Amino acid sequence: MEHPVRKSLLMWLCLSPLMLVILFPFAVMVSTAVKPRLEVLSYPPHWLPSEIRLQNFADMWEATRLGPAVLNSVLVSIAATILCLLVAIPAAYASARMEFTGKRLFRQFLLVTQMLSPIVLVLGIFRLMARMGLVDQLPALVLAYVAFNLAFSVWMLQAYFQTIPKELEEAAKLDGASALQRLQRIFLPLALPAIGITAVFVFIYCWNEFVLAMTLLRSPENNTLTFQTFSLVGGRYQVEWDHVMAATLVASGPVAVIFALLQRSLVSGLTVGAVK
Amino acid sequence: MASSSSSAGKASEVGARRGKTRAGTQANGRIGSVSAPYLLILPAILFAFWIIGYPIYDMANMSVHAVNRFGKTTAFNDFANYQRLFSHQLFLGCLIRTLVWTVFVVGGTVILSVPIALVLNEKFYGRTLARIIIMLPWAVSLTMTGIVWRWSLNGQFGMVNATLSSFGLQDTPVEWLATAGTAFPILIAIGILVSIPFTVTVILGGLSSLQADIFEAAKIDGASGWQRFRYLTLPLIRPFLNIVLVLNFIYVFNSFPLIWVMTQGDPANSTDILVTWLYKLAFRYGELGIASALSIVMFLILLALTITYAALAMRHERREI
């Protein structure tokens, strides 16, 4: 057998180039975010700032109006996640537990909608929302996000639901439990972890989405976090990079931490959904 | 899996039909349960038809009519929008760049992800940490990734130039994103970087489903490490590779934020792919007719890919049984 420490060193050595490239932008984010402004725009640039200015975050929060954007993102993401689950759970339950004609067709239909990215449909969606009077309204984003996450959610959930043994519900049925009771007391508690994982994925999608937010939102006070951060960079003559990097750190830090903490279950969950 | 459950479904249907002739009560009981699944999937179907189906119909309709800047459609115009699209001076360039972009990003991603997954599948100290770091780009949005790289690649104040020159790898600073020759390759490299997490995840899933004993047996029979990889690992994870290839192809083909945030297709359209051009046509130039024709063309390409995916996935399912 190989020596475990030597093997570990070798493995880390193999991965190190990729690790460097992955961690590089995070280092740039942190380094720029805490630099005094003069050092951000000094040539040649240095990694280490002369002093760590946490005041940058407070200044940025004021100057970039990030607070309302964070609130908008939170509201839209939570609303879309809940609505998406409310629509997806029954559909996933039906396609995991029941037999019906057209089930194959339904699954194929889901597959097709899953392949469509918002960018291909963005013109049509803009016109639809304009017709419904929803342009520059946050509910427009919620509805669109639900539609684009449905297929994924139904797919993931039904893959999980199939792994929950039917026998438990059948036994409860024999014991005289009604359909609703079986759902409430047996099925849903067992399905809860799967629902949680799906919710995290939908939430991250909504939190990070860009094209629809850019297209459907108009006034700055309605911007979501992603779009607000982009608007600090796009089409401006002078970009205040220390503020922008502080904002990207605020926007991606929490999601990265959630992802890192839940990494194991998210990844195993996705493999169930993606491959089965 | 789908085929096994649908055959079970047929069996139960046959059983139910027989039961119907035997007992009327059973038939009554079945009415409720027949409509139940449809009621459960109905909201999902309505939602998808409303927000996804209707826009497709609307754009298909626009694409064959004369459309003004404000989106008012008038007469059927004999596919003139499609003719104008295909003969547009930017169309061919964008199409070729889309192909280059997609093939290089997907190819690069899969070629790099297989060895990464093989390493992460080994047991070593700190493996969990390594996995977390490699999955990290997945959690951060493409918009943020694009913004940070755009700043890092800044010709004057960017840390990429600073780092390269401090290692003596570069004499003069490079304007990475403002130079036609470097902008697109850089975008491709970052495209690969952000596609690796998902791809590694699925391949890891494939690797962990392999049984250790056949590898032991091959080892005892004297197969070298490369031989075991070439003749055992690779064929066995093939279904996973197929799925990863098609899914990545679809994601990368549609990929918009990275390019939009970093270059907006510039300099001089040299990094425009179909999706960024589509956005400009629709929302910058007001060419709604051409934009909707392009949307429909892209929709058809994606549909063809989806059918390929479905075929591959089904084959995988059959093999599993």
Side-chain angles (χ1 to χ4, degrees), chain A residues 7-8 11 14-15 19 21-22 25 28-29 41 43-45 87-88 90-91 93-94 98-100 104 106 108 111-113 115-117 119-121 123-125 127-128 143-144 146-147 150 154 204 208 210-211 226 230 233 241 244 248 251-252 255-256 259-260 263 267 270-271 274-276, chain B residues 1 6 9 12 36-38 40-41 43-44 47-48 51-52 54-56 58-59 71 116 119 122 124-126 130-133 135-137 139-141 143-145 147-149 151-152 156-157 159 162 193 201-202 205 240 243 250 254 256-257 261 275 282 291-292 295 298-299 302 306 310:
Chain A
K7 183 180 171 187
S8 300
M11 293 298 163
C14 290
L15 295 174
M19 298 274 175
V21 185
I22 289 175
V28 170
M29 260 193 250
L41 295 180
Y43 182 84
V87 178
Y93 184 82
M98 299 170 168
E99 289 307 331
F100 54 95
R104 242 187 132 81
F106 176 62
Q108 281 158 355
L111 200 61
V112 172
T113 65
M115 297 306 149
L116 286 168
S117 130
I119 177 69
V120 177
L121 302 184
L123 176 58
I125 288 176
R127 284 163 59 89
L128 173 73
L143 292 176
V146 172
L150 263 183
V154 174
I204 291 181
N208 288 343
F210 175 64
V211 180
T226 319
F230 170 72
V233 179
W241 284 106
V244 175
T248 55
S252 34
V255 181
F259 200 89
Q263 186 258 137
V267 162
L270 194 85
T271 6
V275 192
K276 285 203 174 152
Chain B
M1 213 160 62
S6 71
S12 72
Y38 297 108
L40 292 175
I41 64 170
F47 231 105
I51 312 267
I52 294 177
Y54 176 77
I56 295 175
D58 185 38
M59 289 192 300
I116 294 167
V119 168
E122 296 288 320
F124 61 92
Y125 291 120
R131 284 192 180 186
I132 288 176
I133 293 175
M135 297 307 160
L136 222 44
V140 178
S141 78
T143 317
M144 300 302 160
T145 308
I147 291 175
V148 179
W149 277 107
W151 167 235
S152 312
Q156 242 188 314
F157 309 113
M159 291 316 292
L193 191 67
T201 301
V202 176
F240 294 86
I243 285 170
I250 289 162
N254 280 324
F256 175 83
V261 170
V275 285
S292 43
S295 294
M298 295 187 68
F299 171 66
L302 287 169
T306 310

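Naming convention: chains lettered A, B, ... in sequence-line order (proteins, then strands); numbering from 1 in each chain. The shown structure was predicted, so the numbers you read here are calculated from the model rather than taken from an experiment. Values below: every heavy atom of this structure, side chains too, minus hydrogens, waters and symmetry copies.
- Both the backbone and the side chain of Met135(B) come within less than 4.5 Å of a heavy atom of chain A.
- Summarising the geometry of Pro37(B) relative to Phe100(A), their closest heavy-atom pair is CB-CD2, 3.3 Å, with the distance given to 0.1 Å.
- The part of Phe256(B) that comes within reach of chain A is its side chain, from C-beta onward, which places non-hydrogen atoms under 4.5 angstrom from that chain.
- If you measure heavy-atom distances from Ile250(B) to chain A, the contacts under 4.5 Å come from the side chain alone.
- When the candidates Val154(A), Val120(A), Thr248(A) are compared by the number of heavy-atom contacts under 4.5 Å with chain B, Val120(A) comes out ahead.
- Using a 4.5 Å cut-off on side-chain heavy atoms (C-beta onward), Leu128(A) and Asp58(B) make no contact.
- Note on Ala130(B), Ala48(B), Ser152(B), Ser295(B): by heavy-atom pairs under 4.5 Å with chain A, the leading option is Ala130(B).
- Put simply, the side chain of Ser141(B) does not reach to within 4.5 Å of the side chain of Phe210(A), judged on heavy atoms.
- In this structure, the portions of Ile119(A) lying under 4.5 Å from any heavy atom of chain B include both its backbone and its side chain.
- The aromatic rings of Trp241(A) and Trp151(B) sit parallel, their planes meeting at an angle under 30°, below the 60° perpendicular limit.
- Within the 4.5 angstrom heavy-atom criterion, only side-chain atoms of Val244(A), from C-beta onward, approach chain B.
- Contact annotation: the side chain of Met98(A) approaches that of Leu40(B) to within less than 4.5 Å [non-hydrogen atoms, C-beta and beyond].
- Leu123(A) is listed as a side-chain neighbour of Ser292(B), based on a closest heavy-atom distance under 4.5 Å.
- Only the side chain of Tyr54(B) comes within contact range of chain A, with heavy atoms under 4.5 Å apart.
- Ile132(B) is not listed as a side-chain neighbour of Phe259(A), based on a closest heavy-atom distance of 4.5 Å or more.
- Annotation: side chain of Pro55(B) is not in contact with side chain of Arg127(A) (no heavy-atom distance under 4.5 Å).
- Atom-to-atom distance recorded for Glu122(B):CD and Ser8(A):OG is 10.5 Å, nearest 0.5 angstrom.
- The contact between Leu111(A) and chain B is made by backbone and side chain atoms together, counting heavy-atom distances below 4.5 Å.
- For the residue pair Val119(B) and Cys14(A), the shortest heavy atom distance occurs at CG2-CB, 4.4 Å.
- Distance check, rounded to the nearest 0.5 Å: CZ of Arg131(B) to CD of Gln263(A) gives 7.0 Å.
- At least one side-chain heavy atom of Leu302(B) sits less than 4.5 Å from a side-chain heavy atom of Leu116(A).
- Proximity of Val21(A) to Leu193(B): side-chain heavy atoms (C-beta onward) are separated by under 4.5 Å at one or more points.
- The two residues Thr143(B) and Asn208(A) make their nearest non-hydrogen contact at OG1-O, 4.1 Å.
- With values rounded to the nearest 0.5 angstrom, Tyr125(B) atom OH is found 10.5 Å from Lys7(A) atom NZ.
- Taking each heavy atom of Ile41(B) and Ala94(A) in turn, the nearest pair found is CG2-CB, 3.9 Å.
- When heavy atoms are compared at a cutoff of 4.5 Å, Ile52(B) approaches chain A by way of both its backbone and its side chain.
- Of the residues considered (Ala162(B), Ala44(B), Ala282(B)), Ala44(B) shows the highest number of contacts with chain A, using heavy-atom pairs under 4.5 Å.
- With hydrogens and angles disregarded, no donor-acceptor distance shorter than 3.5 Å links the side chain of Thr306(B) to the backbone of Val112(A).
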Audit row: Phe47(B), Thr113(A), side chain to side chain contact (heavy atoms under 4.5 Å, CB included) steps and yes/no: CA-CA 11 Å; Phe47(B) 231 105; Thr113(A) 65; over 6 Å; no
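- The two residues Ser252(A) and Val140(B) make their nearest non-hydrogen contact at CB-CG1, 3.7 Å.
- In this structure, no portion of Ala88(A) lies under 4.5 Å from any heavy atom of chain B.
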